[in-house]
Amino acid sequence: MATQVRTRFSPSPTGALHLGGAHTALFNWLFARHHGGVFILRIEDTDMERSRAHFVEEILEALLWLGLDWDEGPYFQSQRLAIYDDFIHRLLKAGAAYCCDCDPQELEARRQAALARGDKPRYDGRCRERGLPLGPKTAVRFKTPQTGITFWHDQIKGHIAFENQELDDLVIRRADGIPTYNFAVVVDDITMRVSHVIRGDDHISNTPRQILIYQALGEEPPLFAHMPLMLGKDRTKLSKRHGALPVLAYRDRGILPQALTNYLARLGWSHGDQEIFSREELIRYFSLEHVGKAPGIHDDDKLLWLNSHYLKETPPEELGRLLLPFLAKEGIHTDDAVKAARVAATLNKRAKTLMEMAQAARFYYLDPWPYDEEAARKHLTPGALPVLREARERLAAGVELSEEGLTRLLKDLARDLGVKVVEVAQPLRVALTGKAASPSLTELIPILGREETIRRLDFALRHLGA
RNA sequence: GGUCCCAUCGUCUAGCGGUCUAGGAUACUGCCCUCUCACGGCAGAGACACGGGUUCGAGUCCCGUUGGGACUACCA
């Protein structure tokens, strides 16, 4: 009988969830969902100094926004201290760990000295055989075997091996009683029965240490899969300075969650030539075998392309609803979802984000003046007076505000005035939208309405001194 | 410095020894469509890091070089 697939995502609340974190969360989630397994959320908040409660809230919010729901948790390491202590004592009793009262500052000084000498900075094991009791000022170190090789078959990278002598006796419990990362992770993954540890390959060098702890505990290690890191444009680990924003910043920018998950899924993973994946397809096709080994560089352009794809695919009614909060940010406070849907339908092919869409939608709600300077200079000239006047008259006379009616109006106007269609369209466009580029007049005028259209034409006429 | 990981168009990638004069996507350029801008359609340019092997045959396997990255804490 195959054992149940159980994966976990374990962020530390020392900052917002960023793209890299979302990437590994997604892969864990997809793997669990693909296998009908369990996805666990665990908050690694043992760093009391840097952990903040509000980051926990933000991380959960971001995961939920992305649609990455968890089946168990969130567990908090800070609430599991008694469990870690049990395992510490197991190790102590077995002689696989020992207490150490070396002064941290001294240790740091020795580290620096070794570095300066060009030596490998490693703990010299001076407390190893001292048999110190566990006291209030003692840390606990793991007794790393000094010979032999620790290896595993990585589900993504293949066979990886480390010589044990490269490793030193790491602290697994700090003097303040809090376990360190490498130890807490192992205890958690054991007790939560995690079957697959899928994480960034910056954790590869932690893996042999963790495997050694499993062995000392007499436990079977889970399967490891180290996925390639996401790098910034300068090819270093992705961070704020690459413009890699927190996940929620993408939401606030008007990126759709489907676009972001699609983007993240295709970074480091592929399914033939397919680029667009529904959530169901992602779950159906995802597998570790098709995760690549090479790191990927974050490319905002590709994200934007996917976002515009999903913007085009989203039904206008939904798009209108999504647009409302972005309109508000433009100072347009409306709850008219019907109008917003009509507006969105004219803009969904012209914007890459909801934020852009809201900016482009301003003229539907606000007076288009003052006009864009260059647009007005070019198109709102005295020569345009007849166009504006005639258009105003015919609109007032009751030209039908339909696609066909307005198309005919533009053509007739051009013919009757002896100019090209573009020469009637552009002045009208600037008069109505304030800009030289906009959705088609035949679709924007019906939304503006007859009265408002005429009002704007009158203003333009007066602007030209008519 | 040490250890480990990685290496196909600028970027994301397909490729699991012959079907590769290397495919798709994005970005870029041009043309078409067109009331503008987009969208869409078509076309173009653009890569197997280098050197050795193995093999009848290597982008694909092995070794080395170079390059890049990660880690190197009583952070996670």
Notebook entry, point to check: Under 4.0 Å: is that the gap between some side-chain N or O of A:Ser270 and OP1 or OP2 of B:A14?
Noted result: yes
Notebook entry, point to check: Among the nucleotides B:C75, B:C74, B:C35, which one has an atom lying closest to any side-chain atom of A:Leu107?
Noted result: B:C74
Item checked: Sugar-phosphate or base contact per nucleotide [nucleotides 61-71 of chain B; S, B, -; heavy atom under 4.0 Å] -> --------SSS
Notebook entry, point to check: When you measure from the side chain of A:Ala139, which nucleotide among B:C35, B:U26, B:C74 comes out closest?
Noted result: B:C74
Notebook entry, point to check: B:A43 and B:G18: how far apart are their P atoms, nearest whole angstrom?
Noted result: 28 Å
Next item on the list: Between A:Ile178 and A:Asp299, name the one whose nearest nucleotide on RNA chain B is closer to the 5' end.
Entry: A:Asp299
Item checked: 5'-most by nearest nucleotide on RNA chain B - A:Asp301 or A:Gln426 -> A:Asp301
Next item on the list: Select base, sugar-phosphate, or nothing to describe what A:Phe162 touches, counting heavy atoms under 4.0 Å on all strands.
Entry: sugar-phosphate
Note to self: For a quick check under 3.5 Å, do A:Thr353 and A:Arg253 share a side-chain donor-acceptor pair by atom type?
What the structure shows: no
Next item on the list: Tell which nucleotide pairs with B:C71, taking only Watson-Crick or G-U wobble pairs whose two distances are both under 3.5 angstrom.
Entry: B:G2
Note to self: Using the P atom as the point on both nucleotides, what is the distance between B:A22 and B:C9, in whole Å?
What the structure shows: 14 Å
Next item on the list: Would you sort out whether A:Asp300 and A:Lys352 count as a salt bridge (charged side-chain N to carboxylate O under 4.0 Å, His left out), showing the intermediate values?
Entry: CA-CA 11 Å; A:Asp300 226 48; A:Lys352 288 182 157 67; over 6 Å; no
Note to self: Salt bridge or not between A:Lys349 and A:Glu443? Use side-chain N to carboxylate O under 4.0 Å.
What the structure shows: no
Checklist line | Integer angstrom distance from the P of B:A38 to that of B:C62 | finding: 48 Å
Notebook entry, point to check: If you measure from the C1' atom in B:G10 to the same atom in B:A45, how many Å do you get, rounded?
Noted result: 13 Å
Notebook entry, point to check: What integer distance in Å separates A:Leu304:CG from B:A38:P?
Noted result: 15 Å
Notebook entry, point to check: With a non-hydrogen cut-off below 4.0 angstrom, is A:Glu275 in contact with a base, only sugar-phosphate, or nothing?
Noted result: base
Check: Tell me, do A:Asp188 and A:Tyr75 make a side-chain contact under 4.5 Å, heavy atoms counted?
Finding: no
Check: Does the cation-pi check pass for A:Arg141 over A:Tyr123, that is, NZ or CZ under 6.0 Å from the six-membered ring centre and within 45° of its axis?
Finding: yes
Note to self: Ring-plane angle category for A:Phe151 and A:His159, please: parallel below 30°, perpendicular beyond 60°, tilted otherwise.
What the structure shows: tilted
Margin query: Looking at A:Glu44 and A:Arg42, is any side-chain nitrogen of the basic one under 4.0 Å from a carboxylate oxygen of the acidic one?
Written below: yes
Margin query: Using a 4.0 Å heavy-atom cut-off, does A:Ser438 contact any base of the nucleic acid, only the sugar-phosphate backbone, or nothing at all?
Written below: base
Note to self: What's A:Arg50 touching, base or sugar-phosphate or nothing? Going by heavy atoms closer than 4.0 Å.
What the structure shows: base
Notebook entry, point to check: B:C37 and B:U11: how far apart are their P atoms, nearest whole angstrom?
Noted result: 32 Å
Margin query: Regarding A:Ala351, tell me which of base, sugar-phosphate or nothing describes its non-hydrogen contacts under 4.0 Å with the strands shown.
Written below: nothing
Margin query: Counting primed atoms plus P, OP1 and OP2 as sugar-phosphate and everything else as base, spell out the protein contacts along nucleotides 39-44 of chain B at 4.0 Å heavy-atom distance: B, S or - for each nucleotide, 5' to 3'.
Written below: SS----
Item checked: Opposite nucleotide pairing with B:U29, Watson-Crick or G-U, both atom distances under 3.5 Å -> B:A43
Next item on the list: Take atom P in B:C33 and the same atom in B:G69, then report the distance between them in whole Å.
Entry: 48 Å
Margin query: Can you measure A:Asn348 atom CG to B:A38 atom C1' for me and round it to whole angstrom units?
Written below: 10 Å
Notebook entry, point to check: Taking 4.0 angstrom as the limit, do A:Arg408 and A:Glu404 come out as a salt bridge?
Noted result: no
Note to self: Counting the atoms with a prime plus P, OP1 and OP2 as sugar-phosphate, which does A:Lys293 contact under 4.0 Å by heavy atoms, base, sugar-phosphate, or nothing?
What the structure shows: sugar-phosphate
Note to self: Using a 4.0 Å heavy-atom cut-off, does A:Thr14 contact any base of the nucleic acid, only the sugar-phosphate backbone, or nothing at all?
What the structure shows: nothing
Note to self: Please verify the inter-ring angle class for A:Trp269 with A:His271; under 30° counts as parallel, over 60° as perpendicular, anything in between as tilted.
What the structure shows: parallel
Checklist line | Rounded distance in Å - CG (A:Leu170) to C1' (B:U3) | finding: 16 Å
Margin query: Any strand counts, and the cut-off is 3.5 Å on both contacts for Watson-Crick or G-U wobble. Which nucleotide pairs with B:A38?
Written below: none
Check: Any Lys/Arg nitrogen of A:Lys293 or A:Asp154 sitting under 4.0 Å from an Asp/Glu carboxylate oxygen of the other?
Finding: no
Check: Say you pick atom C1' in B:G24 and the same atom in B:G46; how far apart are they, in whole Å?
Finding: 14 Å
Item checked: Candidates B:C37, B:C74, B:G2 - which lies nearest the side chain of A:Glu166 -> B:G2
Check: With a non-hydrogen cut-off below 4.0 angstrom, is A:Leu441 in contact with a base, only sugar-phosphate, or nothing?
Finding: base
Check: Can you tell me how far P of B:G10 sits from NZ of A:Lys233, to the nearest Å?
Finding: 14 Å
Checklist line | Whole angstrom value for the distance that separates C1' of B:C74 from CD of A:Glu106 | finding: 14 Å
Notebook entry, point to check: Just checking A:Ala294: base, sugar-phosphate only, or nothing, at a heavy-atom cut-off of under 4.0 Å?
Noted result: sugar-phosphate
Note to self: Please report the distance separating the P of B:G59 from the corresponding atom of B:A49, rounded so that it comes out in whole Å.
What the structure shows: 10 Å
Next item on the list: Would you mind reading off the distance between A:Glu108 atom CD and B:U72 atom P, rounded to a whole angstrom?
Entry: 12 Å
Notebook entry, point to check: Quick one: A:Met227 CE to B:C6 P, roughly how many Å, whole number?
Noted result: 15 Å
Margin query: Once hydrogens and angles are ignored, does a donor-acceptor distance under 3.5 Å link the base of B:C75 to the side chain of A:Thr46?
Written below: no
Next item on the list: Using a heavy-atom cut-off of under 4.0 Å over every strand shown, decide if A:Pro11 touches base, sugar-phosphate, or nothing.
Entry: nothing
Note to self: Between P on B:C74 and NZ on A:Lys137, what's the gap in Å once rounded to a whole number?
What the structure shows: 16 Å
Next item on the list: Could you please name the partner base of B:U60, counting Watson-Crick and G-U wobble pairs only when both distances are under 3.5 Å?
Entry: none
Next item on the list: Verify side chain to side chain contact (heavy atoms under 4.5 Å, CB included) between A:Thr180 and A:Arg173, making sure each step is shown before the conclusion.
Entry: CA-CA 6 Å; A:Thr180 58; A:Arg173 181 189 196 264; over 6 Å; no
Next item on the list: Please determine if A:Asp416 and A:Arg394 form a salt bridge, counting it only when a charged side-chain N lies under 4.0 Å from a carboxylate O.
Entry: yes
Checklist line | Lys/Arg-Asp/Glu bridge criterion (N-O < 4.0 Å) met for A:Glu166, A:Arg209 | finding: no
